[in-house]
Amino acid sequence: MNRVIEDDALMARTAQGEEAAFRLLVLRWEKDVLAFLIHMLGSREEAEDLTQETLVKVYRQAPRYRPEGKFKSWLFRVAGNLARSRLRRRKILRWVDFDSKSHDQASSDPGPQRVLEANETAGAVREAIAALPERQRQALLLHRFQGLKYHEIAEAMDTTLPGVESLIQRALAGLRSELAGKVELS
Amino acid sequence: MKHIEPDIARRLAGQLEPEQERRFDAHVAECPDCARLVAETRSLWDALGDASAVRDAQQVSSVWGAVQERTTGREGEWFFGASHWVRSVLAVGTVAAGLVLSVLLPGGGPGPESAGAAELESIWLEESAWTTAAGEGGLETLWLDAGLESEADSEEER
Ligand SMILES: [Zn+2]
């Protein structure tokens, strides 16, 4: 994508407190971050909440950001880390208070999202994505939906290239077997 | 003969080098097992695209207001918290200073790296129009066209 002003330049100007530059970054990336977090968390409400957190963090860390042309990896690293700590917290909550109603709401939040899934196949696929182990899910989302290259995913997830290769291979294998029978795969 | 399973996703995403891609395709052409796996993964790949949450994300209104409140808005409090009179003087002063500077420093319009707030705004308008109108495969093809958007809006209203 040929941006008129590169993300790195906007980050530098954000670090200097230029609101318009930061606003452009937010508008440019918020939907991608939100879509990623919806899949990571399975709840639109929580995803919106963490999208905000992610972007606030981007602003606060702007002065320390190194302009190496890796903004996207860095952004999804911030979002991914927030998502995974939220998921961890959720697990603890579930364990401590497993019949909490508010929690059930968060994980199976029907809401508008459900309405949109007129297509049952898409629903089954989403459920299968949600059932993947966290790191497999994260790597697959970054590759399939955000178009990140393997080396960028490695940076975003603090792992190696073979690590990413293995995560994605296992994610796809998991989805193929989970969806076999439910969804027609060729 | 080395099988190609670890490369399937990159092949489907168009991220293999030309030489790798040629070897991949050559292998698939002569290995029925891999051909089956590729066909299956390709369908899965497409199904994933259809299940993307990008469409949902497009319908959520911008978080900018909330983010601004917690970032730049907070720093602007000294200004917006000040009395109306002080703000007016500052605003008029800023505009006047801008006019004086534009007279003193003629020529050499701002390049893209030094674009001001208004220019950043128009860049955003261009970018958002571009993404909605053109798209470029993958994610972008799922970005809403106008029809879908209004349909979904009315659905939410009900
Ligand atoms: Zn083979």
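On a predicted model such as this, the values are computed, not experimentally measured, just so you know. Values reported hereafter were calculated over all heavy atoms of this structure, with side chains retained and with hydrogens, waters and symmetry mates removed. Chain letters run A, B, ... following the sequence lines, proteins first and then strands; every chain starts at 1.
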Tell me, yes or no, whether the heavy-atom count around B/R42 atom CZ, taken from other residues, nucleotides or ligands under 6.0 Å, exceeds 12.
->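 Open: at most 12 neighbouring heavy atoms sit under 6.0 Å from CZ of B/R42.
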Side-chain contact test, heavy atoms from C-beta onward, threshold under 4.5 Å: evaluate it for [X] versus [Y] and give yes or no.
| X | Y | answer |
| --- | --- | --- |
| A/F22 | B/T71 | yes |
| A/L55 | B/V63 | yes |
| B/L48 | A/I129 | yes |
| B/E5 | A/L172 | no |
| B/R70 | A/Q52 | yes |

Structural part of B/R10 lying under 4.5 Å from a heavy atom of chain A =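 When you check distances to chain A, atoms from both the backbone and side chain of B/R10 fall under 4.5 Å.
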Between [options], which shows the greatest number of heavy-atom pairs under 4.5 Å with chain B?
| options | value |
| --- | --- |
| A/E165, A/R60, A/R176, A/R23 | A/R23 |
| A/V125, A/V56, A/I168 | A/V56 |
| A/L24, A/V26, A/L27, A/L34 | A/L27 |

Look at the side chain of [X] and the backbone N and O of [Y], then say whether any donor-acceptor pair between them is shorter than 3.5 Å.
| X | Y | result |
| --- | --- | --- |
| A/R144 | B/W45 | yes |
| A/H39 | B/S52 | no |
| A/K31 | B/V60 | yes |
| A/E30 | B/S62 | no |

Rounded to the nearest 0.5 Å, what's the gap from CG on A/L179 to CD on B/E40? Could you check?
->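 Taking CG in A/L179 and CD in B/E40, the distance rounds to 10.5 Å.
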Mind checking whether [X] and [Y] sit in one hydrophobic cluster, side chains of I, L, V, M, F, W, Y counted as touching below 4.5 Å?
| X | Y | answer |
| --- | --- | --- |
| A/I5 | A/V58 | yes |
| A/L161 | A/L140 | yes |
| A/I153 | A/L75 | yes |
| A/M11 | A/V78 | yes |
| A/F76 | A/F145 | yes |

Interchain contact, [X] with chain B, by part (heavy-atom threshold 4.5 Å):
| X | value |
| --- | --- |
| A/Y150 | both |
| A/A21 | both |
| A/L148 | backbone |
| A/L141 | neither |

Yes or no on side-chain contact (heavy atoms from CB on, under 4.5 Å) for B/D50 and A/T121, after CA distance, side-chain angles and deciding distance?
-> CA-CA 9 Å; B/D50 294 339; A/T121 303; over 6 Å; no
Residue pair B/A51 / A/A122: nearest heavy atoms and the distance that separates them |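 Reported closest heavy-atom pair: CB-O, 3.7 Å.
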Does the pair B/T72 and A/T14 meet the rule for a side-chain contact (heavy atoms from CB on, under 4.5 Å), with working shown?
-> CA-CA 9 Å; B/T72 54; A/T14 297; over 6 Å; no
